[in-house]
Every structure is written in C-alpha cells, then in structure tokens.
Amino acid sequence: MNRTVLICDDALFMRMMVSDILTQAGFDVVGQAGTGVQAVEQYRQLRPDLVTMDIVMPDMGGIDAVREITRHDPSARILMCSAMGQQALVVEAIQAGAKDFVVKPFQASRVLEAVNRVLAA
Amino acid sequence: MDTSRYAELFRTESAELLAELDDALLAIEADGNATEVAAAFRSTHTIKGMAGAMGYAQVERIAHAMESLLAELRDGRSMDADVVAVLFDSSTALREAVNREAASLKAVDPAVTDGVPSFELAAVTALSAGIGAGALLLTGDVSVDALPRRRADDSLRTVRIDLRRLDALLDLVSELAIARDRLLRVTEAVAEHGAHRPLTRAAQDTARLVSALQEQVLQARMVPVGHVFDRFPRLVRDIAHALGKEVHFTLEGREIELDRSLLDAIGDPIVHLLRNALDHGLEHAVTRLAAGKTAAGRLVLRAVRDRASVIIQVEDDGQGIDRRAILRRAIADGFVAPGITYLDDDLLLEVIAHAGFSTAAAVTSISGRGVGVDVVATRVRALAGSLSLRTAESAGTVFTLRLPLSLATMRALLVQVGDEIYVFPAANVVEALEYHPGTIRPGAGLTASLLVRDAWLPVVQMRTHFGADAGVVSAESFAVVVECGGRKSAVLVDALIGQQDIVVKRFDAPRAGEGWFNGATVLGDGRPALIVDLGSLC
C-alpha cells in the first residue's frame, strides 16, 4: 500500500507543487491544509504516514501545529518546509517535534530524500 | 523541475496575495496597525516562497527585501511616513516584477536575472537602509502565525476554472434552455390530441432539471464585486497622492455578487468615475476647509443588490458639476437648443455623456466635465444597464450604475411590428396599454406625444422609427411605456406577444448606425429576434 501524506501550506501553489512531487514518487496525498488549525484537524482524521508543514500560515502557524499534532501523537512524522532565512524557526520546529526539514525552493530530489529519511527514522 | 505548468497558478495566487498586501499597507498607512504588519509580512513571505520555486529571482529578491523591512517593523522598529512610502513603492515594484515574469509565462534562469541590475531592488534596499526614527512606534504582541486571513478557509473548498470554460458551459445551457421551451411547447401540442402522460411527465421533469442546471451555471459565474473593487483603494490612494488631495475612500457592499463577465466589463468604467471624482469633483484641502468641509474629501464606491439588478454608485462630497458652465458650453457646441435655460440632472448627464462634448481647455476647470463619461454610458448601455447622475453645487456628485445580475438571460416583453418580433428588456418596461390614435398630440418627429396617466410622453412609432413599411397603413394598437435613465417614452407597436425569459446573444451595435439594437435572441420556435436598446428610444 502506498504511503499517505498530508500537505500543509497556505499557498495553493506550494501545495500543488509538493503534491505533484510526492504523487509522482508513488505517495498518496490524502489531504491538504491551508492553515495550522486545518492541519491539526486533518491529521486527527486522516492519520497520514507523513506530514509536510509550512512554517508561516494563518490561524495557527506550522510550529504550533507541530506541537499540537505531536502532543496527541508523539510518533507523528512531520517534515518542515521552510523558506531561506528561517533557520531559527526550523530549530524551534525540530524541538517541537518535527523530524526533518527542507528549504524552499524545492527540488524534487531533495524533497524525496528528506521524506525517505523521515519515514525510515 | 518543469515549472511552466505552475506559472498560471503562480500568476493568479500572487495576484491575490498582492491585493492582500495592498489592503494591509493601506491599513498600516491609516492607523499603523500592528496586526496588519504581520499580514503584510505573510503575503510577502508567501510570494517570496512561490517565486523561489518558480526561479523568479527578481521577484524573490524584492519580496525578500520587503520582508526584512516588515520583520523589523514587526519587531518594534518605529514607523513613519517614509517607511510607509517605501512599502508602497516596493509593493508596486513587486507587482511589476510579478507581472513581468507572469507575462513571459515561463521560468527564468536565475543566473540570467541575477546579473540584471534591478532599479526597484536598489530603491527598496537604499530606502530601507536610510529610514530614520519615526513618530509612530509599533507596539503589541505581533504573532505572524496567529492571524486570520480572509480567504484561507475558502481556499480548500474552491477550484479555479478558466472563464472560457464557464462561458462555454453557459452557452450550452442557454441553448438547452431554448430547447427546453420548445420541448414543452411540442408536448403541450401533443397533449391536446390525447394526452400521453409518461411523455408529458418526462418532458416536465427534463424541463425542471434544465432550469435547475441553468440556475446552477449562472450561480457558478457569480463573484463578489470585491474581486474587482479591492484594487481600487490602492488606485484611489495613488491618484489622490498624485493630485495632492486628501481623500477618505470607503468601499461598501464588496460581498455583493455579479456575473463574472459583467464585473470584468465594468471595472474600467468605475475607474473612469473614480478618477473623475478625484480629479474634478473633490477639492484640495485648502478649498474644502475654506468651504467649511473636512480637509479630506469623502469618496464612496458602493454596491447594492436591488431585486434582479445590482446598483453601483460612485459618490463624492466635492464641489458638484457646474451646470451653468456645462450649459454655456453645450449651447455653444450646439448640443442643446439655445432656448434651454437650465440643465436638470438627466439633461446634464445626456450632455456630458455625449461623445462629441468638448473636453477642450475652456472647460478643464469644470468639475466632472465629462471626460470618459461617454465611455461609461456606452459601456453600461451595452451591458443592458443604465447610468444616472445626481449632483448639487458644493455638495457633491453621485453616479449610479444599474446593472442586470447576469448577462445571459433576461426577462423580456416580446412585441410585434409588421412581420417582425422585437424584444424589449422587461426591466425598462413600465406598462403596456391599448392606445387609440385620437389620443396622440401631433408634433414634429419625436415631439409627438401621448397622454398616459396625466403625463404627456414622447411617442416613438416603431414602424417609422426603424424605417420599415412607411407606406403601410398603421396597424399599431398598443403603446408600451418604457423608461430609461429616468426618462419615459411611449413606443407604439402592432401587438404584444407576451413575456418570457430569453437568452441574450450580445453583439456590438454597428457604431456608424443608430445603435437601435444591442443583442439578439432565438425564440422558442427557432426564429431570431432583435433586442431593442430602449436607451436609444427614450
């Protein structure tokens, strides 16, 4: 069975791009969230194998969403997607429970590498 | 990665983000609101991320510089007019860079753009480096992540569709609606020769479903006017700045919905009216203060739903239109008879909306002197709408556009003249009466008039007006009272066929001729009929 993924990003553009990369690599994109609140809600419902999480989102940011998700499911596998210049926030996200990160702009190979690292861990 | 297929998505989404950015900047300018700084930061940040993914290096760099400045403001850097100006300039630069990239619709090699000196970027970085301490200190707990965003909740439930597909869908469903009417007529005729119940029922079910489908397709085309109006606050601000005027601009009813193609078509006319109000309606602060008004002029763009119409108003509290100056000019140019001594609002609009009305230097000092008003009037009429005007000296001016909700179908009165059937938009029909030739008061041409409910209305004989069958003995027996822009006329026709919903096929009336018609339709029996532009008869 294919691995399932929940994609969280406030930009539809970014969600499409990540979704395309992962779908082509054989993942099932089971959900997309545009806010932190939606991310937490959908994680509870879908229990995906993997979450990709943007940092800057409305309602609830990515880092708070990571905290909220891992509070309920410490085994959640979350990959942070950050823009350049957000190193400090990435560290904070890892401390909050994220397993790894990729930096935008995405290259398909980098994203898949990181995804596989997270899933193997 | 092949980014070209994301280019369209980049274009539409960054356009939304740029609009949100402008909203936030306008709010920041108004009251230095800290939450808006965070909103502006988020829009800029998202654009940066998207541009990075597309390889749009220049967009990314401008967004990055802007984001740095916004981050500093968020972290407590003081804000003043200079900072606000830099933010507006960079937002413009960002928009231009986005448009340039989107225009090429392909990813640009970053190595190429890296070498291009960027004027905009230089401006942004230079200005942001030199920003001094300002009067306004931003305080409060600013969290980038804890803010609502107006479209966030909708973004996952909506899908983007090329407007052309919706147009094609509408065309098809409109044709289907005509076929539905024919089907109903045929089954009714069959039923008269002995009912075939299953057939009748199947036809009725089909008709009901087609109507429901038609309704849904029309609904799918409706968008809030905010889609177009939301760019106006920024536009108004920029024009006012350029003119050195102060303005307090308000948008009302941005959630009111209109058919997408209608909304697109009225964008330019509204810009004309806003520009006119700013340029010629609103006075400079000094003049206003001397007249006992507030320093900042008031400008309102308002959308209101009124039954099957949407009313759009552009209202200012400026100096109003100078009727006497317009009248002098109109008489000099031969647009009105010398005997006329006063232009009421309707006549005034008629004069300034006249394509040939002079915009020469002699009238440049006159407010709202009609620049572009002819364009507005023509466009509005082509959309089966109407334009009206109210103005009072030193109190201000209101332009009112009344538009149908949708261009696709319209309630119509079908009339017969000779062998032809013509279509009158029902929205302009006041009443239809039997008429007796004896009640006409003769006069030359249009000045013949008919007494209808204590008022003498100008008479238009369809037969002679359209130049058909002039020699035939008049068979006209009905008068249809029509109203357009507040003026009424009695139009004489042979017979009334009835009311029905018609599917409108627009065409541009031949400009050289007397734009009598502004569309056509196909009747239930498959015959075509012309839609009369009642504005040309009033």
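Hydrogens, waters and symmetry mates are skipped; everything else that's a heavy atom, side chains included, is used. Reminder, nothing fancy here: chain letters follow the sequence lines and each chain counts from 1.
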I need the [X] [atom1] to [Y] [atom2] distance, nearest 0.5 Å.
X: Arg15(A); Y: Glu13(B); atom1: CZ; atom2: CD; answer: 7.0 Å
X: Leu12(A); Y: Glu16(B); atom1: CG; atom2: CD; answer: 8.5 Å
X: Phe13(A); Y: Thr46(B); atom1: CZ; atom2: OG1; answer: 11.5 Å
X: Met50(B); Y: Asp9(A); atom1: CE; atom2: CG; answer: 9.5 Å

Item to check | Enclosure of Arg110(A) CZ (heavy-atom neighbours >12, cutoff 6.0 Å) | outcome: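 No.
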Item to check | Crowding at CZ, Phe229(B) (>12 non-hydrogen neighbours, <6.0 Å) | outcome: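 Above 12, so yes.
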Checklist entry - Is the shortest heavy-atom distance from the side chain of Leu9(B) to the side chain of Met17(A) under 4.5 Å? => result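 They are not in side-chain contact.
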